[in-house]
Amino acid sequence: MSSYKPQDIEQKWQKHWADTRAFEVTEDLSKPKFYCLEMFAYPSGHAHVGHVRNYMIGDIMARTMRMRGFNVLHPFGWDAFGLPAENAAIKNNLHPETWTRANIAHMKGQLQRLGISYAWERELATCDAVYYTWNQWLFTRMFEKGLAYRRRSNVNWCESCQTVLANEQVVDGGCWRCGTTVTLRELEQWCLRITAYADELLTAAEGLSQWPEKVLTMQRNWIGRSEGARVRFALPGQVGHWADGHIEVFTTRIDTIYGAMFVMLGPEHPMVEQFAAASPDPAAFRAKAAKFRAQDKSARMTGEVEKEGFDTGRTVTNPFTGQEVPVWVANFVLGDYGTGAVMGVPAHDQRDFEFARKYNLPVRVVVQPEGGTLDGATLTEAYDGDGALVESGEWNGLPWQEANRRMTAEAASRGIGEGTVQYRLKDWGISRQRYWGTPIPIIHCPSCGMVPVPDKDLPVELPKITEFTGRGDSPLAQVPEFVNVPCPKCGTAARRETDTMDTFVDSSWYFFRFCDPHNNDLPFDPKKVAYWGPVDFYSGGVEHAILHLIYSRFFSRVYRDIGLVTIDEPFTRLLTQGMVLRHGAVMSKSKGNVVDPDDMIQQFGADALRLYVMFVAPPEKEVEWTDSGLEGAFRFLNRVWRIADHCTDIVRSAPAVTGLAFDEADRNMRRKTHSTIRRITQDIDPRVHLNTAVAALMELVNELYAYAELRGVRPLGVDDELRASVDRVETAAVLRETLEALVLMLSPFTPHMCEELWAQMGHADGVVAAGWPVCDEDAARDESVEIPVQVNGRLRARLTVPADSRPEANIALALASPEVQKWTDGKQIVKVIHARIEQPISIVVKG
RNA sequence: GCGGAAGUGGCGGAAUUGGCAGACGCGCUAGCCUCAGGAGCUAGUCCUAGCAAUAGGGUGGAGGUUCGAGUCCUCUCUUCCGCACCA
């Protein structure tokens, strides 16, 4: 009897997989493909158990699908650009690349020690020039199509990271990475026109049936589609000359325009400065507006800010009523949403209502609920419910929804506005004033303007620089030989762009690169992506719900529109895995509560760790780490090992099950084996209930022990003798069938141990060659069934009947049984329900 | 405020379509085995009453639909997550 020594076994098989290139794949049209991907990793240093849970989930899927005959692509790589490397460089005087490569090496070792079945020959790191050159290539295509453009705008600035952040990267008013409060800066900045795809991204989200509803909701909210109208309010004396003097507002409720008693400008609105310049005291005017603009940065942090505004002293004409209304500047009007100006309808918008009450502006009710008598003078809150128009001239009496449609059309026909769709989603600012990222391949020429670097000159390589200061200007601007270049068009002295790209650019298409990672002519061969794409199973953290996952959907469409891919959506099925907590908190180095997988591997082996993490909860759920749970998994593996090892010789010499005459115990064991096969097959795919799959295997092992006990072949403990034989050939066959199925089904979870046992059982070719076990429906079928019997909804008896018995016979049997008669005696039987054998018998009595 | 998800034993969690609530594991209890056990094996473990058979109660709370509800409907409480002045 050999005891279970995971460390030896695991090293042996990891080496075997590497030596035989076991997980490397090529396109093979004769097999169905399965592209299994986990979000690649930022090489931060050490992976903890929370990180690797995701890779384990993917690995179970990949290994299972391989056994089911799929051609499985399961690659891994590194999201290797980014600020921490640069910060580490500043702190430790290490080059970002040195730091990054060392971390990659360590983390790769961790993943290999866990036995994750990656096609390592496809490994990529986004900081490799052979990767980021294609960021530059794609950027150039986008520039040509007008999808990449430069504009001067207020951008989110993180003082600590010394760089710009995209809107999506601002969380609660702070930097998504370090939490520092974000300020606004006006900068020239490169943007990608994701808004061109806003509508498609929104509509297509409806078709993502295998994504979690939560993620889709977040994406919908983020895109924020809103149907409404733009309406122009003319400055006095400007009627008919809209272009010269008007304020355009965006509203979703044009039907309430008769109640628009004022117009509000956001403090960033260009007309604010015009009004200030023409006002009696321009300095005071500007100061008030500037105060509001300054509020904005902290407004989000503190939550509610007091609604404030000031009268500009100017008026505009309400285009529907002809009434002159005052123009105010209001701090709660956002400069970058809609037109940056709104009409104030206090009776029907709560914010406008509060504003009007505060500054004693008039309130006019123009929508009345049925039989309602709302009065602007006494209203205590805005009314936004159903109703019909009043005080609205020719529109009176119309339900507001209808008025909304008709008044939008009216505005368009009169040239004073038009229906429009507004999105909350903004273009994606990708300029970063840092070093460790992809250089933006543009050259600024004094005579030709912005000229993309010709494809033949790509990549624009990051120059090696040695000093990192962390100052806010781009480090690349400090490298004259990088900056000073001739214009590719006219040859005159020009300056290279010194911003680098947001690292989310890197991660927005890496899943395509994995299909063809060594291509030197294109980002990837379209034929290879046509074979592998889209990703069939993608798993990662929910924190990427609106960043990475929306950018990737955007980039897939860009690649589609330049003709390299034919699919719209990159990820067919998405699983967002839960985090691993310890002491109730997310694992993090700063909290000192990380569990290093290597420590656990050393104690219990990678297989036990994998099994425990998969068993403890469904993949989507967050879990609390417990050492005792891991010990339980280890105990289970020992149990499997002992019985498999104990029976090795029996199994090796046992016949197959065909043609044997089995007794009842044999048949019960076989039934359990085959029903387990059926159940686990479903549990892994499509259900991805990996925890119940493990539970089912534990049940099978429990039953196997009981069977072995009955047949006198149960292992007793440490000092067991190896059993060479068993007296019944049927027993041997059943043991073989059960153990083989068990080892194969367990192998995606604990691959090392199972490969070892499989080999020990006399199979030279490994578990993938053996294939996934198939459920024999005849063997799985129940011979008898226990039917619960209820009387008036209460369980009163159980009936054991043959599985093929007829329902009427069962009902008769139930009614005749003493346990049932105890409750039906002297009562009138109203009805009995039992149509199928799987259905309990339900007897209803009266009296 | 809006949107989403979820509330089941001492704990993690099971329960595909409305059909025996608590699978499986952890922990705990008892027994066996052992020089020993932080090993292994066997049995027990939702609550209440009872020696027991058994009876009653039980899936956050209150109603409802149904022969039958953890599951469906209405209301409500709590927790977590996301968005948050988006006109």
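A, B, ... follow the sequence lines: proteins, then strands. Residue 1 opens every chain. Values reported hereafter were calculated over all heavy atoms of this structure, with side chains retained and with hydrogens, waters and symmetry mates removed.
- Phosphate contact (OP1/OP2 of B:U17, side-chain N/O of A:Arg836, threshold under 4.0 Å): absent.
- Seen from the ring of A:Tyr258, A:Arg364 does not count as a face-on cation partner, given the 6.0 Å and 45° thresholds.
- The shortest distance between the side-chain N/O atoms of A:Tyr337 and the OP1/OP2 oxygens of B:A87 is below 4.0 Å.
- Taking 3.5 Å as the limit, the base of B:G19 and the side chain of A:Gln839 contain a donor-acceptor pair of atoms between them.
- The shortest distance between the side-chain N/O atoms of A:Arg714 and the OP1/OP2 oxygens of B:G40 is not below 4.0 Å.
- B:G10 and B:G27 have their C1' atoms separated by 8 Å, given to the nearest Å.
- A:Thr738 and A:Thr673 share a donor-acceptor pair across their side chains, judged by distance under 3.5 Å alone.
- Contact between the side-chain N/O atoms of A:Lys214 and the OP1/OP2 oxygens of B:C81 is not found at any separation under 4.0 Å.
- OP1 or OP2 of B:A15 has at least one side-chain nitrogen or oxygen of A:Arg687 nearer than 4.0 Å.
- In this model, the phosphate group of B:C41 is approached by a side-chain N or O of A:Arg642 to a distance below 4.0 Å at OP1 or OP2.
- Remark: the separation of the P atoms in B:A6 and B:A53 is 39 Å, to the nearest Å.
- Between the side chain of A:Ser842 and the base of B:C67, at least one donor-acceptor pair of N or O atoms lies under 3.5 Å.
- Aromatic ring centroids of A:Tyr612 and A:Phe634 lie 6.0 Å or more apart.
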